Each structure stands twice: as C-alpha cells, then as structure tokens.
Amino acid sequence: MTIADDIYLYNSLSRQKEKFVPLREGFVGIYVCGPTVYGHSHVGHAKSYVSFDVIVKWFRFVGYKVRYVQNITDVGHLLGDDGEGEDRILKTARLEQIEPMEVAQSYARSYYEDMDALGVDRPNIAPTATGHIPEQIELIKALIAKGHAYEVNGSVYFDVSSFEGYGKLSGRRNVDEMEPGTRVQVRSEKRHPSDFALWKKADPNHLMRWNSPWGWGFPGWHIECSAMSMKYLGETFDIHGGGMDNQFPHHECEIAQSEAATGKPFVRYWLHNNLVTVNGQKMSKSLGNFTTIKDLLKKYAPTVLRFFILQSHYRSTLDFSDGAIAAAKAGLEKLVETYRRLRESPVGTGAIDLDAYKAKFHAAMNDDFNAPQAIALLFELSRDINVAIDKGGLREPEKSNALAFYDAYAKGVLGIIPKESLQPSSNPLPKVMELVLDIRQEARARKDFATSDRIRDRLKEAGIEVKDGKDGATWRIVG
RNA sequence: GGCGCGGUAGCCAAGUGGUAAGGCAAGGGUCUGCAAAACCCUCAUUCGUCGGUUCGAUUCCGACCCGCGCCUCCA
C-alpha cells in the first residue's frame with residue numbers, strides 16, 4: 001500500500017471521514033470557490049486558500065496528478081436581497097468611478113499578488129465568470145428543457161421543488177420551515193422563496209450585461225461554478241472545496257443545478273474550511289473587522305502567516321489576534337533556526353530515526369490533512385536534532401536525510417520555511433563581512449599587516465575579493 | 001425558530017474508550033567578560049455542567065449552560 005492509497009478526508013456531504021478513492025486512478029480533479037474580486041483579500045481568504053494549497057501539495061507529493069480549478073467571480077454576485085441587490089463589482093465601480101472590468105481585474109491581480117507572496121501555487125485553470133457566459137447560458141437552457149427552471153419576465157429561476165436532493169449538503173430540506181422574518185419574499189416573481197436566480201434581467205443602463213435567449217441580462221451567482229467546474233473537470237468530479245459560509249446556499253444550489261441538468265452525481269467529496277474569527281466573531285468584509293493580507297505582510301513574513309494558519313486544522317476556526325500571530329512568529333523562528341543550525345553543523349555520530357518521523361508525518365497528513373499534527377512532529381524532530389547537534393552533530397546519512405526531510409515537508413508540502421531567494425534580508429553575509437573588515441581595519445591601523453594580509457588572503461581562498469580604496473575596503477564575491 | 005460547528009492549561013491549539021501533541025508565555029539551567037541570541041529541562045490527576053453506557057470516558061449517548069457559523073452577500 002502506498003501513501004496515496006490511504007488518504008482519508010472529511011466529506012461534508014456524508015458528515016464523516018471517508019477513504020479517498022479517485023474517479024480516475026492517479027488523478028485528482030478539484031474545484032475550489034475563488035474570490036469575488038471587489039476588494040483586497042484578508043486573512044480569512046488566506047486561511048482558505050493556504051489550506052487548499054497544502055491539500056493540493058499533499059496530493060501531488062504522494063504522486064497524484066492534480067487538476068486544480070479555481071474561479072474568479074467577476075459578475076453576478078449581488079449584495080443583499082437577490083431581487084434588489086446591487087452587483088458587488090458594479091457598486092465598487094460606481095464608487096471608484098471606473099469600469100467594472102477594471103475593478104475585477106485590478107482586484108484579481110491583487111489577489112494573485114497576495115497568493116504568490118504566500119507561496120500558494122496557482123490553480124491550473126482560473127476561469128472567470130464573465131469568460132464563460134455561453135457555458136452558463138447552455139446550462140440554463142438545459143435546465144429549462146428538463147423542467148427544472150422557469151422564465152419570468154426575462155429572468156430565469158431554478159425550481160427547487162423539482163429537485164429531490166435539495167438540502168442534502170446543508171441539511172436544510174424542509175425549505176418551508178425557514179424562519180419567516182429573516183427573509184420574506186413580499187413581492188417576488190419567484191414561485192417559491194427558495195428558488196434562486198440562474199439569470200437576471202438587466203436594464204439598458206446596467207453596465208454588465210449579455211444577450212441571451214431571455215433577453216439582456218447577467219448570470220446568477222451559483223451557476224458559474226456549476227458551468228465552469230463541469231467544463232474543466234467533467235460532470236462528476238472528485239473534490240469541491242470552499243469556505244463553510246458557502247455551504248448554504250451556494251454549494252447546495254450548485255448541486256441542485258448540476259445534478260438536475262446532468263442526472264449524474266456532481267461532486268464526490270465536499271471539503272469545507274472553517275473561518276477566521278476575531279474575538280470569536282467571523283472576520284468578514286461586511287463586519288469590517290478584517291485585516292488584509294497586504295497589511296499583515298508588512299509586519300510578518302509570508303511563512304509566518306502560513307504557519308499561523310496551519311497550526312490549526314482547516315476545519316477548525318482560527319482566532320486571529322496580534323498576540324496569536326506574534327506567538328506563531330516566535331515558534332516558527334525556532335523551527336527555522338534548527339534547520340539553519342543543522343545545515344551548518346558538523347558531521348558527528350548522532351543517530352536519529354527519520355523513518356519514524358516520516359511515517360508519522362504521512363499518517364498525520366493522510367488523516368484529513370492534519371497539518372497541526374504534522375507541525376507538532378517538526379518540533380519534536382527539531383528537539384531531537386538540537387540535542388544531537390549539542391553533542392557534536394548528526395552522522396551521515398542522517399544529516400543529509402534530515403535536511404531533505406525539512407526540504408520536502410516543511411519547505412515543500414507545508415511551505416513554512418522560506419525559500420532563500422524569497423528573503424535576501426536573511427543573508428547574514430553582508431553583516432559578517434562588515435565585521436571582518438572592521439577587524440581587519442583595526443589591524444591595519446596598528447600596522448599589524450600580517451593579520452590584515454592573512455584576512456585578505458583567506459577571504460580570497462573563500463571566493464571573496466577585498467580591495468582597499470580611499471574610503472575603506474570593498475568586497476565582492478568572485479564568480 | 002430551523003440547520004450545523006465548537007467549548008481542552010495564562011494565551012493559541014491537536015487528539016484518543018485505558019488515564020492529555022505542539023507552540024507562545026512563565027520558572028529553572030547550560031553557554032557568555034556583560035548582555036542578547038541559541039539550546040536543554042519543568043509546566044493540565046485534567047479536557048463547559050449534570051446524568052447514562054462501560055472494567056474504564058475528556059473521547060460514546062442524553063439533557064442543560066455558553067460561544068460561533070449559516071438561514072441576505074462573504075473564504
């Protein structure tokens with residue numbers, strides 16, 4: 001049995017852990033709901049996308065070929081009541097007095113900047129809603145043809161009562177029992193309050209609209225994910241991920257649309273990450289209690305944010321505070337310090353059971369991607385290594401294997417140890433050279449040229465050339 | 001009200017039917033001219049409350065209390 005054959009994940013649909021069996025051997029198709037691009041991303045987005053990044057990295061690590069699809073919502077996402085609400089993108093465009101597409105593209109760029117900084121691998125396919133209008137129209141036509149949707153006044157709605165399985169993801173089956181009060185459809189063109197928009201009619205002054213069999217309009221929010229996921233992953237695919245807050249209604253509606261249209265199961269495993277909270281409350285744009293990724297990265301390294309996120313399980317809430325992230329920073333530095341120490345330590349006689357650590361790491365990740373447990377293991381390993389270094393160093397091949405372990409797991413799968421090129425400021429050489437040259441200058445000042453020449457010669461042997469100029473010595477690495 | 005999740009040390013946070021990972025903080029120590037850094041050691045007889053099942057529960061079941069999420073947009 002290989003590692004890849006023993007992955008268990010928590011399926012929100014069945015509400016239990018299930019063994020992962022891919023649709024096609026060796027291949028994983030995964031779709032994760034991407035951001036609606038009308039503002040900068042915050043720590044909550046970071047948790048979601050870092051979590052799925054680690055999941056994808058783990059699948060790849062154990063040998064799967066992964067096709068990761070993540071959409072960009074650039075139209076159709078309405079504010080407030082879905083009959084009257086304004087499109088989020090349009091609202092921002094109006095406020096900033098720019099084109100809607102300018103809003104969408106500039107915030108999409110901002111999103112990818114943040115994800116790149118965080119070391120999140122780009123999805124293989126990143127489709128936009130506006131780029132898939134024809135696909136969405138086709139899907140809606142199919143739903144009307146099968147009697148699952150109806151047109152009213154240039155808008156099209158999904159008929160929830162026509163789909164038996166509505167509610168199987170969220171447990172919300174009896175839609176009639178939903179609290180009145182919260183959301184009363186006083187004068188709706190919908191036949192039932194739970195019916196949801198597939199296509200919305202748009203007036204001529206609407207900035208984002210397309211022609212369709214039902215006139216000019218724009219697609220509803222849910223339909224894009226069905227159209228695009230099935231286009232790129234097939235009518236049935238392995239994994240669909242997203243935030244828990246999208247479980248209902250968004251994902252419930254996706255299932256209804258997709259399965260009603262194809263008559264086939266839509267998604268085999270649903271994965272939902274839990275949310276970031278602030279003082280116990282959800283971090284969200286509407287509450288205004290969010291910290292953007294950009295702001296946080298001004299104070300902390302990207303690896304600190306990743307580490308902070310991965311210290312809790314993806315299905316648990318994570319409470320954000322300055323204290324919590326500062327604590328994460330301190331902890332991560334210890335881990336990175338051990339890695340650095342190990343690299344520079346001499347080869348000694350110390351032994352270490354790396355295979356045991358590997359097995360435990362695999363077991364942790366295979367158990368519903370338990371990154372916190374995997375991180376705990378890294379700390380235990382680090383203690384072992386520090387003790388060994390204090391006693392004179394690890395023997396070979398343990399030392400090389402241990403370094404490879406950090407590279408593969410901490411740097412690779414979890415992405416919590418920085419890649420050197422990403423942070424040149426961590427290079428101690430300039431400071432070291434400053435110190436060496438100061439000492440050499442003192443020697444020269446007291447005419448101890450034997451010492452100063454020795455320093456220069458030895459540096460040259462090390463590949464560093466020193467030149468004495470009028471304003472002091474300069475140095476450079478000789479290629 | 002309906003659906004769902006959670007309550008584990010000062011803080012963050014894993015986990016298991018057999019007696020609690022890891023990190024931060026704190027205390028002690030090694031090292032050091034001093035300091036800092038680094039490293040090592042210690043740190044929950046106890047897992048919201050009360051019952052039940054069990055040889056045994058923090059882990060399973062029930063009730064209750066508290067917090068949160070969704071039910072209108074949100075990762």
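Every chain is numbered from 1, with letters handed out A, B, ... down the list of sequences. Just so it is clear, the structure is predicted and the values come from calculations on it, not from any experiment.
Nucleotide B:C39 has B:G29 as its partner under the Watson-Crick or G-U criteria, with both atom distances under 3.5 Å. Pairing of B:C34, defined by two Watson-Crick or G-U wobble distances under 3.5 Å, is not identified with any nucleotide. With a cut-off of 3.5 Å on both pairing distances, the Watson-Crick or G-U wobble partner of B:G6 is B:C66. The nucleotide B:A57 finds no pairing partner, because no Watson-Crick or G-U wobble arrangement with both distances shorter than 3.5 Å includes it. Across the strands present, B:G1 finds its partner in B:C71; the criterion is a Watson-Crick or G-U wobble pair with both atom distances under 3.5 angstrom. In this entry B:U16 has no Watson-Crick or G-U wobble partner, no candidate having both defining distances under 3.5 Å. B:A44: no Watson-Crick or G-U partner with both key distances under 3.5 Å is found in any strand.
In summary, the aromatic rings of A:Tyr49 and A:Tyr111 are positioned with their centroids under 6.0 Å apart.
Residues A:Trp270 and A:Gln247 are not in side-chain contact: their nearest non-hydrogen atoms beyond the backbone lie 4.5 Å or more apart. Counting heavy atoms from C-beta outward, A:His40 and A:Tyr107 have side chains that approach closer than 4.5 Å.
For the P atom pair drawn from B:U8 and B:U45, the interatomic distance equals 15 Å after rounding to whole Å. For the P atoms, the distance linking B:A57 with B:U30 amounts to 44 Å, nearest Å. Look at the P atom in both B:G69 and B:A26: the space between them is 32 Å, to the nearest Å. Rounded to whole Å, the separation between the C1' atoms of B:C31 and B:G23 comes to 24 Å. Taking the P atom of each, B:G10 and B:U49 are spaced 14 Å apart, rounded to whole Å. With C1' as the reference atom, B:G51 and B:A44 are 25 Å apart, rounded to whole Å. When the C1' atom is used for both B:A20 and B:C43, the distance is 14 Å, rounded to whole Å. Separating the P atom of B:C5 from that of B:C73 is a span of 22 Å, rounded to the nearest Å.
The shortest non-hydrogen separation linking A:His313 to A:Pro372 is N-CG, 3.4 Å. Residues A:Leu414 and A:Ala371 approach most closely at CD2-CB, 4.2 Å, considering heavy atoms.
Taking atom CZ of A:Phe248 as the reference point, atom P of B:A75 lies 17 Å away to the nearest angstrom. When rounded to the nearest whole Å, the span between NE2 of A:His251 and P of B:G69 equals 19 Å. When rounded to the nearest whole Å, the span between CG of A:Leu305 and P of B:G23 equals 21 Å. Rounded to whole angstrom, the span from the CG atom of A:Leu414 across to the C1' atom of B:G23 amounts to 15 Å. Atom pair A:Met244:CE and B:C68:P shows a separation of 17 Å (rounding to whole Å applied). Taking atom OH of A:Tyr38 as the reference point, atom C1' of B:C73 lies 7 Å away to the nearest angstrom. To the nearest angstrom, P of B:C73 lies 10 Å from CG of A:Asn246. For the pair A:Ile309 CD1 and B:A75 C1', the computed distance is 11 Å after rounding to whole Å.
A:Glu224 and A:Asn71 are linked by a side-chain donor-acceptor pair at a separation below 3.5 angstrom, with hydrogens and angles left out of the test. Counting only N and O atoms by type, the side chains of A:Asn153 and A:Ser155 include no donor and acceptor under 3.5 Å apart. Between A:Asn124 and A:Tyr232, the side chains place no donor N or O within less than 3.5 Å of an acceptor N or O (distance only, hydrogens not considered). In summary, the side chains of A:Asp319 and A:Thr277 do present a donor paired with an acceptor at a separation below 3.5 Å, with no hydrogens or angles considered. Side chains of A:Ser12 and A:His272: a donor on one and an acceptor on the other come within 3.5 Å. Using a 3.5 Å distance cut-off with no hydrogens or angles, the side chains of A:Tyr68 and A:Asp121 do not pair a donor with an acceptor.
Each of A:Lys285, A:Lys282, A:Lys47 was checked for a salt bridge (Lys or Arg N to Asp or Glu O under 4.0 Å) with A:Asp245, and the lone residue meeting it is A:Lys282. None of A:Glu254, A:His250, A:Gln257 except one satisfies the side chain to side chain donor-acceptor pair (under 3.5 Å) rule with A:His222; the exception is A:His250.
Residue-level contact check: A:Gly242 touches the backbone only, with heavy atoms under 4.0 Å from sugar-phosphate atoms and none from bases. Within 4.0 Å (heavy atoms only), A:Gly167 reaches no atom of the nucleic acid at all. Note on A:Tyr49: only backbone sugar-phosphate atoms sit closer than 4.0 angstrom, heavy atoms only; bases stay farther off. Across all strands, A:Leu275 comes closer than 4.0 Å to base atoms (heavy-atom distances).
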Legend entry - Summary of protein contacts for nucleotides 29-43 of chain B, nucleotide by nucleotide, where a base hit scores B, a sugar-phosphate-only hit scores S (4.0 Å, heavy atoms): ---------SSSS--

Inset, instruction - Could you run through nucleotides 8-14 of chain B and give me one letter per nucleotide, 5' to 3': B if any protein heavy atom sits under 4.0 Å from the base, S if only the sugar-phosphate is that close, - if neither? - result: -----SS

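Side chain of A:Arg343 to main chain of A:Leu403: no donor-acceptor pair is present (N/O by atom type, distance under 3.5 Å, no hydrogens or angles). Formation of a donor-acceptor pair under 3.5 Å by the A:Glu259 side chain with backbone atoms of A:Phe266 is found in this model.
The stretch residues 278-292 of chain A touches RNA chain B through A:Gly280, A:Lys282, A:Met283, A:Ser284, A:Ser286, each having a heavy atom under 4.0 angstrom from the strand. Applying a 4.0 Å cut-off to non-hydrogen atoms, none of the residues of residues 351-365 of chain A approaches RNA chain B. Sorted by residue number, the list of members of residues 398-409 of chain A with any non-hydrogen atom under 4.0 Å from RNA chain B is empty.
The NE2 atom of A:His132 lies 13.5 Å from the OG atom of A:Ser226; values are rounded to the nearest 0.5 Å.
The side chain of A:Asp245 approaches B:A75 more closely than any other nucleotide in the set B:A75, B:G22, B:C71. Nearest to the side-chain atoms of A:Asn274 among the listed nucleotides B:C5, B:C71, B:A75 stands B:C5. Of the candidates B:C24, B:A21, B:G23, B:C24 carries the atom nearest the A:Ala330 side chain, counting heavy atoms from C-beta on.
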Legend entry - Residue pair A:Glu333, A:Lys329: steps toward the salt bridge (charged side-chain N to carboxylate O under 4.0 Å, His left out) verdict: CA-CA 6 Å; A:Glu333 276 169 1; A:Lys329 177 176 190 262; 3.3 Å; yes

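Residues forming a salt bridge (charged side-chain N to carboxylate O under 4.0 Å, His left out) with A:Asp390 (at least two apart in sequence, or on another chain): A:Arg341.
Electrostatic pairing of A:Asp116 and A:Arg122 counts as a salt bridge here, judged by a charged N lying under 4.0 Å from a carboxylate O.
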